[in-house]
Protein chains: 2
Amino acid sequence: MTHKAAGPEIEQVIQLLARLPGLGPRSARRAALQLVKRKQELMSPLAAALQQAAERIVVCEACGNVDTCQPCTICQDTRRDPAMICVVEEVGDLWALERASVISCRYHVLGGVLSPLDGVRPEDLNIPQLLARANASEVGEILLALNATVEGQSTAHYLMDELEGSGVSVSRLAHGVPVGGELDYLDEGTLAAAVKARKKL
Amino acid sequence: MTHKAAGPEIEQVIQLLARLPGLGPRSARRAALQLVKRKQELMSPLAAALQQAAERIVVCEACGNVDTCQPCTICQDTRRDPAMICVVEEVGDLWALERASVISCRYHVLGGVLSPLDGVRPEDLNIPQLLARANASEVGEILLALNATVEGQSTAHYLMDELEGSGVSVSRLAHGVPVGGELDYLDEGTLAAAVKARKKL
């Protein structure tokens with residue numbers, strides 16, 4: 001549906017915003033309206049910030065993270081433990097782990113999960129690069145921090161097989177009851193995993 | 001919370017996106033991630049579209065609409081009925097009426113509603129300009145298309161009082177059961193309005 005009341009410039013903004021996750025056509029219009037109403041404090045700064053980010057962002061050749069330097073800030077950070085590589089599916093997962101700041105190591109972003117049905121093969125992901133990094137002498141442990149989904153777990157299994165014999169120890173995140181979670185609201189799979197991995201007190 | 005994994009440029013994009021309606025900090029991060037992943041097709045075009053819109057958008061001096069020409073496309077459109085002015089709270093309401101394309105008249109955007117508690121007085125809105133327009137000889141009807149909220153309706157009452165004696169006929173939108181609405185899900189206020197305004201068949 002075209003939108004005769006707004007000019008083509010606003011229309012273009014609405015259509016691009018509607019392609020962001022979490023925004024449909026209606027909320028994209030609301031967001032555009034907000035941008036129009038707050039042109040000085042919001043629209044112009046966002047245009048400039050996006051422009052700057054688009055110009056400077058690069059994908060780290062070592063780990064697949066996105067940053068504005070090459071290699072990325074994390075790969076350059078010498079205070080991080082060089083013996084550990086944490087493997088994640090997407091950059092968003094890396095961000096989540098960094099926000100939690102429970103780990104201080106380098107990462108490896110796969111860029112997705114294996115999915116034979118969708119035609120995603122190991123060479124379509126950052127897997128060959130991971131196997132090469134695993135052979136570096138300083139790497140002692142690879143933590144597979146993949147999503148606890150079917151695809152995430154089968155990708156983890158594949159990686160485990162591939163990494164066998166490389167001499168590094170391979171680990172995965174624990175499964176169980178999320179902190180703050182109520183048993184009544186958890187699915188059977190989580191409960192089963194939590195019982196199976198129960199700890200002696 | 002600062003976000004050490006992403007560069008300051010991405011951080012800036014996230015913070016600005018989080019100020020849009022419908023996007024919180026978490027969904028702003030997801031949106032930013034999508035922008036980063038699709039730099040060529042999404043981030044750069046959005047930056048350019050926002051930049052262009054920010055440069056060209058002006059508020060129509062006649063009606064308060066936003067457009068890229070002065071007066072706006074609607075005010076310039078001579079095919080519209082010059083005898084009617086449709087008064088709305090915000091530009092988004094104008095867009096909604098134009099999408100429905102049930103009316104072909106000029107608009108007047110108040111820019112909000114009266115709210116003595118929040119210190120919004122008539123002179124803070126586009127009300128003086130509306131009263132001036134109502135005195136133009138060609139204007140015969142003013143349709144108050146304000147929201148059916150307490151503030152919207154009390155603003156409508158205020159305008160009705162002010163427009164009394166100007167010789168124009170003042171109308172408001174009908175209240176009742178929304179088309180497609182089920183009685184079971186409607187509030188008492190809507191049902192009462194629908195019964196009170198019932199039509200003979």
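Residue numbers start from 1 in every chain, and the chains themselves are labelled A, B, ... in the order their sequence lines are given, proteins ahead of strands.
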Quick one: of B:Gln34, B:Arg56, B:Glu90, B:Arg19, who has the most non-hydrogen atom pairs under 4.5 Å with chain A?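 Option with the greatest count: B:Arg19.
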Could you check which of B:Gly92, B:Gly22, B:Cys72, B:Ser27 has the highest count of heavy-atom pairs closer than 4.5 Å to chain A?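 Among the listed options, the one with the most contacts to chain A is B:Gly92.
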Using non-hydrogen atoms only, which part of A:Arg30 is less than 4.5 Å away from chain B: side chain, backbone, both, or neither?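 Both the backbone and the side chain of A:Arg30 come within 4.5 Å of chain B.
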With a 4.5 angstrom heavy-atom cut-off, is it the side chain or the backbone of A:Leu97 that approaches chain B, or both, or neither?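 For A:Leu97, there is no contact with chain B at all, as no heavy atom is under 4.5 Å.
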What's the separation between atom CH2 in A:Trp95 and atom CD1 in B:Ile10, rounded to the nearest 0.5 Å?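 If we round to the nearest 0.5 Å, A:Trp95:CH2 and B:Ile10:CD1 are 5.0 Å apart.
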In Å and rounded to the nearest 0.5 Å, what is the CG to CG distance from A:Leu20 to B:Leu33?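 So the gap between those two atoms works out to 11.5 Å.
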How about [X]: does its [atom1] atom have over 12 heavy atoms from other parts shown lying under 6.0 Å from it?
X        : atom1 : answer
A:Glu123 : CD    : yes
A:Gln70  : CD    : yes
B:Glu138 : CD    : yes
B:Gln76  : CD    : yes

Using a 4.5 Å heavy-atom cutoff, which residues in residues 36-51 of chain A come close to chain B?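 Within residues 36-51 of chain A, the residues under 4.5 Å from chain B are A:Val36, A:Lys37, A:Arg38, A:Lys39, A:Glu41, A:Leu42, A:Met43, A:Ser44, A:Pro45, A:Leu46, A:Ala47, A:Ala49, A:Leu50, A:Gln51.
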Grab the two heavy atoms, one from B:Ala53 and one from A:Val13, that are nearest each other, plus how far apart they are.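 The answer is CB-CG2, 4.1 Å.
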